[in-house]
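Read the structure below first, then the notes.
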Amino acid sequence: MSFLEDSQNSAPGSLQNNKLSGARKGAETGQNAAKRLQTELMQLMTSPAPGVSAFPSADGNLLTWRATIEGPDDTPYQGLTLKLGFEFPANYPYAPPTVLFRTPIYHPNVDFSGRICLDILKDKWTAAYNIQTVLLSLQSLLGEPNNASPLNGEAAELWDKDPALFKIKVADRHKDIDDE
């Protein structure tokens, strides 16, 4: 039975009620995401992890965040501050956020557009993860790239074969950026 046939056989007003019910579910989903994000913001503020931070964007949209990661010691990123953008779907935490490096970065698992290849941001995502776990995973990835799954093949090769040249390329690519 097609949608049209189904709507023709429905009781008067029931199609409209179904549409309203779907809109309410969407709004509830967005409200649940907002509640979860407010809880995570409080956690980040009261129990911050060293070297990472995140806050909602200045425009007041709770589904858009800005974050920073301090480059870990004993890595080519030591002393660097890297900025990221988070976009949360309305069904967060049941779907992962879209996370991009805003700071230009040279890394085996990050392309030149800032897209990241990290399993927990794709098929390994669970609702148990949060902003802080994502940031800490990314901070860890800076010192331990997954060269078996590179987005930047040259960086993956240099990481293994020429660490000195890799470090030079990291410094050449890095640029401090202003927050908008």
Using only atom types and a distance under 3.5 Å, with no angle test, would you say the side chain of Gln132 pairs donor to acceptor with the backbone of Leu44?
no
Between Thr81 and His174, which heavy-atom pair has the shortest distance, and what is it?
O-NE2, 3.2 Å
Between Lys83 (side chain only) and Ile177 (backbone N and O only), is there a donor and an acceptor less than 3.5 Å apart?
yes
May I ask whether Met45 and Val134 are part of the same hydrophobic cluster, defined by side-chain heavy atoms of I, L, V, M, F, W, Y residues being less than 4.5 angstrom apart, directly or through others?
yes
Please tell me whether Leu100 and Leu121 are part of a single hydrophobic cluster in this structure, the criterion being side-chain heavy atoms less than 4.5 Å apart.
no
What heavy-atom pair brings Cys117 and Leu141 nearest, and what distance separates the two atoms?
O-CD2, 4.3 Å
Ring pair (Phe, Tyr, Trp, His ring centres under 6.0 Å): which pairs involve residues 33-66, sequence neighbours left out?
Trp65-Phe88
Parallel, tilted or perpendicular: ring planes of Tyr77 versus Phe166, cut at 30 and 60 degrees:
perpendicular
If you look at every heavy atom in Ala156 and Pro150, which pair is closest and at what distance?
CB-CB, 3.7 Å
Checking the side chain of His107 only, and the main-chain atoms of Val170 only, is there a donor and an acceptor separated by less than 3.5 Å?
no
Quick one: does any side-chain atom of Asn152 pair with a main-chain N or O of Phe112 as donor and acceptor, under 3.5 Å?
no
Expected output: side-chain Ser140 to main-chain Leu136 donor-acceptor under 3.5 Å
no
Above 12 or not: heavy atoms from other molecules or residues under 6.0 Å from OH of Tyr94?
no
To the nearest 0.5 Å, tell me how far Thr75 OG1 sits from Leu80 CG.
8.0 Å
Using the ring of each side chain (for Trp, its six-membered ring), is Tyr92 parallel, tilted or perpendicular to Trp125, with breaks at 30° and 60°?
tilted
What residues form a side chain to side chain contact (heavy atoms under 4.5 Å, CB included) with Pro93, not counting sequence neighbours?
Arg36, Ala127
Going by heavy atoms in the side chains, are Phe101 and Leu82 under 4.5 Å from each other?
yes
May I ask you to test the Trp159-Pro76 pair for a side-chain heavy-atom distance under 4.5 Å?
yes
Between Pro56 and Leu62, which heavy-atom pair has the shortest distance, and what is it?
CG-CD1, 3.7 Å
Indicate, with yes or no, if Leu151 and Ile120 share a hydrophobic cluster defined by side-chain heavy-atom contacts under 4.5 Å among Ile, Leu, Val, Met, Phe, Trp and Tyr.
no
When every non-hydrogen atom of Pro72 is compared with those of Leu142, the smallest separation belongs to CD-CD1, 3.7 Å
Using only atom types and a distance under 3.5 Å, with no angle test, would you say the side chain of Glu157 pairs donor to acceptor with the backbone of Gly153?
no
State the CG-CG distance between Asn91 and Asn32, to the nearest 0.5 angstrom.
10.5 Å
What is the distance from atom NZ of Lys175 to atom OG1 of Thr103, rounded to the nearest 0.5 Å?
10.5 Å
With a 3.5 Å distance limit and no angle check, can you tell me whether Ser57 reaches the backbone of Thr64 through a side-chain donor-acceptor pair?
yes
Note, Arg102 side chain near Leu84 side chain (heavy atom, < 4.5 Å)
no
Give me the atom names and distance for the closest heavy-atom approach of Ala54 to Leu41.
O-CD1, 4.1 Å
When Val110 is tested against each of Leu138, Leu118, Ile105 for side chain to side chain contact (heavy atoms under 4.5 Å, CB included), which residue passes?
Ile105
Roughly how far, to the nearest 0.5 Å, is the CD1 atom of Ile131 from the CD atom of Glu40?
4.0 Å
Judged by atom type as modelled, is there a donor-acceptor pair below 3.5 Å linking the side chain of Thr126 to the main-chain atoms of Ala128?
yes
Quick one: pull up CG in Asp59 and CZ in Arg66 and give me the separation to the nearest 0.5 Å.
8.5 Å
Rounded to the nearest 0.5 Å, how far does NZ of Lys124 lie from OG of Ser137?
14.0 Å
